[in-house]
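Only a predicted model underlies this, so the values are computations on that prediction, with no experimental measurement involved. Heavy atoms only: backbone and side chains are in, while hydrogens, waters and symmetry mates are out.
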Amino acid sequence: MLSSVKSSRSSNKAFAVSPGLLRHAVVVMCLWCLAVSFSPALGQSGVDGAETNVSQQISRLKDQIESLKARRDVDEVRQAQAVETYQKALAALQAAEADRQQAADLAASQKQIPEDIESVRAELRNVPSVPTIDELADQSLDALTQRVEQTRTRLTDAQARLADARDKLTRAAQRPEQLRAQLADARNALQNLAGSNSVDLGDASGVRARAQSTLVAARRDALNAEIERLQQELSGLDAQERLLEVKRSLAETQVARLNEALAAAQTALSRAQIASAETLRDASEDKLSELRTALAPISEVAQKNVELTYELADITEDTQTLSQRQAEQRAQVDSLERRLNLVQRQLEIGGGSVALGDVLRNQRRRLATPSLSFLTSDTLNGLPDVSTAELDRFQLQQTRAELDNPAMMAERIAQNAGITLSAGQRESLINLLDQRRAIIDRLIDAEGRYVDVGRDVRSLTRHYNDTLGSFNRLLDERLFWLPSFHGIWLDWPA
């Protein structure tokens, strides 16, 4: 009998509840009751209440905040604290609404990606071919000049699209890791939220308790919405990257074609300008032959016209040679930038593997070849003297201003020579001055084009060296941390 009594007491002692544990259980039960009974603005939220309209929750919560502000039976301090808490809950709900809308937009755009890819591929297949130089030979000087300017503008736009596509691809390679980190943070915050408790049970009116439970529910809903958005974006990254790849291919093809089109247009323009300069030179020489026995001022003007036509032919030929160098330099820059972009993307997705180290070392060896080395100081010294060409152009413009009135210029020449011109001599001199004006107009245009092409060649040269330097520094920094051989295991000798 005593044995059974002892057993009973021992059993009761084993199942006894400590006072601290009992108080904790009461607190949790009170919190649950408050959340269920006094949160009409939220009801269920997040995954449990996915069918609840967030906009309606926001509207009800705003009404509840206004109602609380109007109450006079609540302590002002507690009322202000509760309103502030409700405001935080409202902000959390608005964030949840924005995240769910963004997730819906992402889902809709991801469904459209296959169609977008096919559309870009169709555009890629229909990139127009480049007209040959012979096809452009029949166009006038003005038409060729306009064609060069339009092609240069289109090339600039295409290069901007290509840079944007490459930048987006580089960021897309980084995005999966960023999204997974954000997902982990959101899930941890959601787990930690269940253990948060800052309710003051001494609040007899329950105002702050209801506000706090509303805030907890709203934050839970916001975290769930954020997780949904992140998961939606993560699920569509592969398709988005395929679309970016196709867009990059299209931009690269357009840049390559426009480079070819610009080179062809510039060559055709240079040939037309050379032909025009030769025609002017022949006409000037013929006129000079006719006027060799004329008065000295007239023959001197004719001789000067011939000299100017030779200058025009020389600067036009120099510009043609410089344009060819410009096309070659631009192709080098584009090729180097494409290789750099590819390596940057490989670094984003390749981690620190031995295979990636082999790829980078191979790139290092290729950059060391003479065809890809830095442009030396000798090469830089051989760049066009743009400043001298600009000065020559300025002087030509001053001379051209003096020829605005050929008749007045003829009178001035005759006065300076101390002679009186007959009507025929005066007309002949005016015609020569008209011819000189036309030659100088061509010279000013030719010098301007030489300056524009020369500046571009200098800019391309600097850009090439800068890009090559960035490429080398990137390889040096990353190769320093990458292994150059596979690990040797303990059983390797066997």
Side-chain angles (χ1 to χ4, degrees), residues 123-159 250-289 305-331 334 384 389 392-393 396-397 400 403 431-432 434-457 460:
E123 189 177 354
L124 180 59
R125 290 191 294 269
N126 295 322
V127 173
S129 58
V130 177
T132 64
I133 298 174
D134 293 336
E135 291 172 346
L136 299 174
D138 295 334
Q139 295 192 12
S140 66
L141 273 173
D142 291 339
L144 288 171
T145 301
Q146 185 178 8
R147 189 182 190 91
V148 167
E149 294 304 320
Q150 291 175 346
T151 305
R152 185 179 288 118
T153 301
R154 292 169 56 200
L155 176 60
T156 301
D157 294 340
Q159 288 172 331
L250 173 61
E252 286 180 346
T253 302
Q254 289 173 333
V255 167
R257 293 283 175 86
L258 287 170
N259 273 327
E260 295 173 9
L262 181 60
Q266 286 177 329
T267 301
L269 177 60
S270 296
R271 289 182 179 180
Q273 287 176 329
I274 290 173
S276 176
E278 290 174 347
T279 301
L280 281 173
R281 182 181 61 196
D282 293 341
S284 298
E285 288 179 339
D286 292 342
K287 194 68 175 177
L288 178 62
S289 298
N305 285 358
V306 172
E307 294 173 1
L308 289 174
T309 58
Y310 274 94
E311 290 181 21
L312 177 59
D314 289 342
I315 190 63
T316 304
E317 290 175 357
D318 290 345
T319 303
Q320 181 183 23
T321 302
L322 195 59
S323 297
Q324 294 173 348
R325 180 176 177 180
Q326 177 192 33
E328 294 170 358
Q329 192 70 40
R330 184 177 287 115
D334 289 342
D392 292 342
R393 189 185 185 199
L396 286 169
Q397 288 170 337
R400 173 63 178 79
L403 293 169
N431 289 336
L432 286 173
D434 280 335
Q435 187 183 49
R436 176 179 293 187
R437 184 171 58 184
I439 295 171
I440 289 178
D441 285 339
R442 294 284 182 84
L443 263 172
I444 291 172
D445 291 340
E447 291 283 2
R449 185 163 172 261
Y450 182 87
V451 168
D452 291 340
V453 176
R455 284 175 177 167
D456 194 40
V457 170
L460 287 169

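Residues Q266 and R152 have side chains in contact (heavy-atom distance under 4.5 Å, counting atoms from C-beta outward). A heavy-atom distance below 4.5 Å is not found between the side chains of L288 and N305. You'll find the side chain of R154 stays beyond 4.5 Å of the side chain of Q254, heavy atoms only. Taking 4.5 Å as the limit, some side-chain heavy atom of P131 sits within range of a side-chain heavy atom of R147. You'll find the side chain of L269 reaches within 4.5 Å of the side chain of R449, heavy atoms only. In this structure, D282 and E285 have side chains that are in contact, with non-hydrogen atoms separated by less than 4.5 Å. Put simply, the side chain of R330 reaches to within 4.5 Å of the side chain of L155, judged on heavy atoms.
For the side chain to side chain contact (heavy atoms under 4.5 Å, CB included) with E447, the qualifying choice from L396, D452, L312 is L396, the only one to do so.
With hydrogens and angles disregarded, a donor-acceptor distance shorter than 3.5 Å links the side chain of E135 to the backbone of T132. Judged by distance alone, the side chain of R257 and the main-chain N or O of P128 form a donor-acceptor pair under 3.5 Å. Judged purely by atom type and a 3.5 angstrom limit, D334 has no side-chain atom pairing as donor or acceptor with the backbone of A256. Not a single donor-acceptor pair under 3.5 Å links the side chain of S276 to the backbone N or O of A272.
Heavy atoms only, all atoms of each residue included: S284 and I439 are closest at OG-CD1, 3.8 Å. When all heavy atoms of T319 and A446 are compared, the closest pair comes out as OG1-O, 4.0 Å. Of all heavy-atom pairs spanning L258 and A158, the tightest one is CD1-CB, 3.8 Å. Counting all heavy atoms, side chain and backbone alike, I444 lies closest to R393 at O-NE, 3.5 Å. Of all the heavy atoms in A263 and A327, the pair that sits closest is CB-CB, 4.0 Å. Scanning all heavy atoms of the two residues, the minimum distance from L460 to Q326 falls at CD1-O, 3.8 Å.
Within the model, atoms CG of L144 and CZ of R271 stand 11.5 Å from one another, a figure rounded to the nearest 0.5 Å. In this structure, CD in Q273 is found 5.5 Å from OG1 in T316, a value given to the nearest 0.5 Å. Atoms CD1 and CZ, from I315 and R442 in turn, are 15.0 Å apart once rounded to the nearest 0.5 Å. Distance check, rounded to the nearest 0.5 Å: CG of L262 to CD of E149 gives 9.0 Å. Separating the CD atom in E278 from the OG1 atom in T309 is a distance of 10.5 Å, to the nearest 0.5 Å. From T279, atom OG1 reaches atom CD1 of I274 across 11.5 Å, with rounding to the nearest 0.5 Å.
The pair R325-E328 does not meet the salt-bridge criterion, since no charged nitrogen lies less than 4.0 angstrom from a carboxylate oxygen. Residues D434 and R437 are paired through a salt bridge, judged by an N-O separation under 4.0 Å between the basic side chain and the carboxylate.
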